[in-house]
Amino acid sequence: MRIYHSPVMVQEVLESINFKSLGVLVDCTLGSGGHSEAILEYAKSIGKKIKILALDLDYEGIEIAKKRLNNNLDSIIIKQGNFSNISNIVKESGIDKVEAVLFDLGVSSLHLEKPIRGFSFRQDAELDMRFDINQTDSASNVINQESEETLKNIIRDFGEEPQANAIARSIVKNRPINSTLKLADIIVRAKKSYKYKSIHPATQTFQAIRMYVNNELDNINSGIKQAISLLKKSGRIITISYHSIEDRLVKKLLLEESRECICPTNILECVCNHSASLKLMFKKVIKPSLEEIRQNRRSRSAKLRVAEKI
Ligand SMILES: C[S@@+](CC[C@H](N)C(=O)[O-])C[C@H]1O[C@@H](n2cnc3c(N)ncnc32)[C@H](O)[C@@H]1O
């Protein structure tokens, strides 16, 4: 049985970090510690002393990461927390500015493979999907209490599901819905026609509910903005995203911060007083190698972006 989540694009992440000037790196999404471990081991191999401040919402993941990072615990501070609060967490840790910030977004294999967490439509479990198990609202509250209109909007906006209307109607008609498999079955039956080729018909709805439950887009928006202001000059922000909604937001935020002017295009004279704070390191997004995709199917949708503070 696999114990850890396999970190994605590790080599590319290592190459994106400027180890020469690295002092402190913030790993905003520790998960089971794969990226942090690789970064610490690489720094050690080149004789570089660094510090990582790592956080995650998921207490279970943190406990697993602590075991994995057992040999490196003197170089890493691990905290349970939300990256939407990264400025305060960094300050409380006695750190002022940092040289690198890593966001490896979304869900971990640990979530998907542990039925009790209720993220997967492949195993039966209570509807949960919370990254932070202390949070009050779970997927069950959303599925069983939200109005049909709200459910439709969630499924359409966070899942880009073309049949959001029919799915929301069917969910409301079949309530109460208490298990992942029951929800998946309702979705499959609500979708009039679907091409069941590369993805399961419930994929987009499950993604949407998970994103809503965990307030993912707001957290990314706020976390990335704060991360940029925490970076020292020449510090790097590194992001890995896994689906188009997440990646569009990351791309927009990084692109906006790399522009001198963010006025609407129909305005002739600049009125925004904005100035660029980032330089994009690559024009195009970086994707995993075919070899990595062959070895770790979950990496197939990964997109890496890197920007440097100017
Ligand atoms: C793809 S996994 C990270 C895997 C990790 N890089 C590794 O090597 O194991 C994403 C992680 O981000 C965490 N997460 C999601 N949203 C978060 C947030 N707003 N603040 C902190 N952690 C968050 C999830 O709990 C999950 O463990």
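Atoms within each ligand, like the ligands themselves, are counted from 1 in listed order. A quick note: this is a predicted structure, and the numbers were derived from the prediction, not measured. All values below come from the heavy atoms of this structure, side chains included, with hydrogens, waters and symmetry mates left out.
F131 and F119 have parallel rings, their planes meeting at less than 30° on a 0 to 90° scale where 60° marks the start of perpendicular.
Residues E246 and L217 come closest through the heavy atom pair CA-CD2, 4.4 Å. Contact between N144 and P176 at its shortest, heavy atoms only, is OD1-CA, 3.4 Å. Taking each heavy atom of K309 and I228 in turn, the nearest pair found is NZ-O, 2.8 Å.
Distance alone, capped at 3.5 Å, is enough to place a donor-acceptor pair between the R68 side chain and the S32 backbone.
Protein heavy atom at the shortest distance from atom 9 (O) of ligand 1 is S32 N, 3.0 Å. Protein heavy atom closest to atom 22 (N) of ligand 1, with residue, atom name and distance, is L57 N, 3.3 Å. Scanning the protein for heavy atoms near atom 26 (C) of ligand 1, the closest one is D56 OD2, 3.5 Å. Of the protein's non-hydrogen atoms, N82 OD1, 2.8 Å is the one closest to atom 19 (N) of ligand 1. Nearest protein heavy-atom neighbour of atom 21 (C) of ligand 1: G81 O, 3.3 Å. Here the protein heavy atom with the shortest distance to atom 4 (C) of ligand 1 is D104 OD2, 3.3 Å. Ranking protein heavy atoms by distance to atom 17 (C) of ligand 1, first place goes to F83 CE2, 3.3 Å.
No N or O atom of V107 sits closer than 3.5 Å to an N or O atom of ligand 1.
Contact annotation: H111 has at least one heavy atom less than 4.0 Å from an atom of ligand 1.
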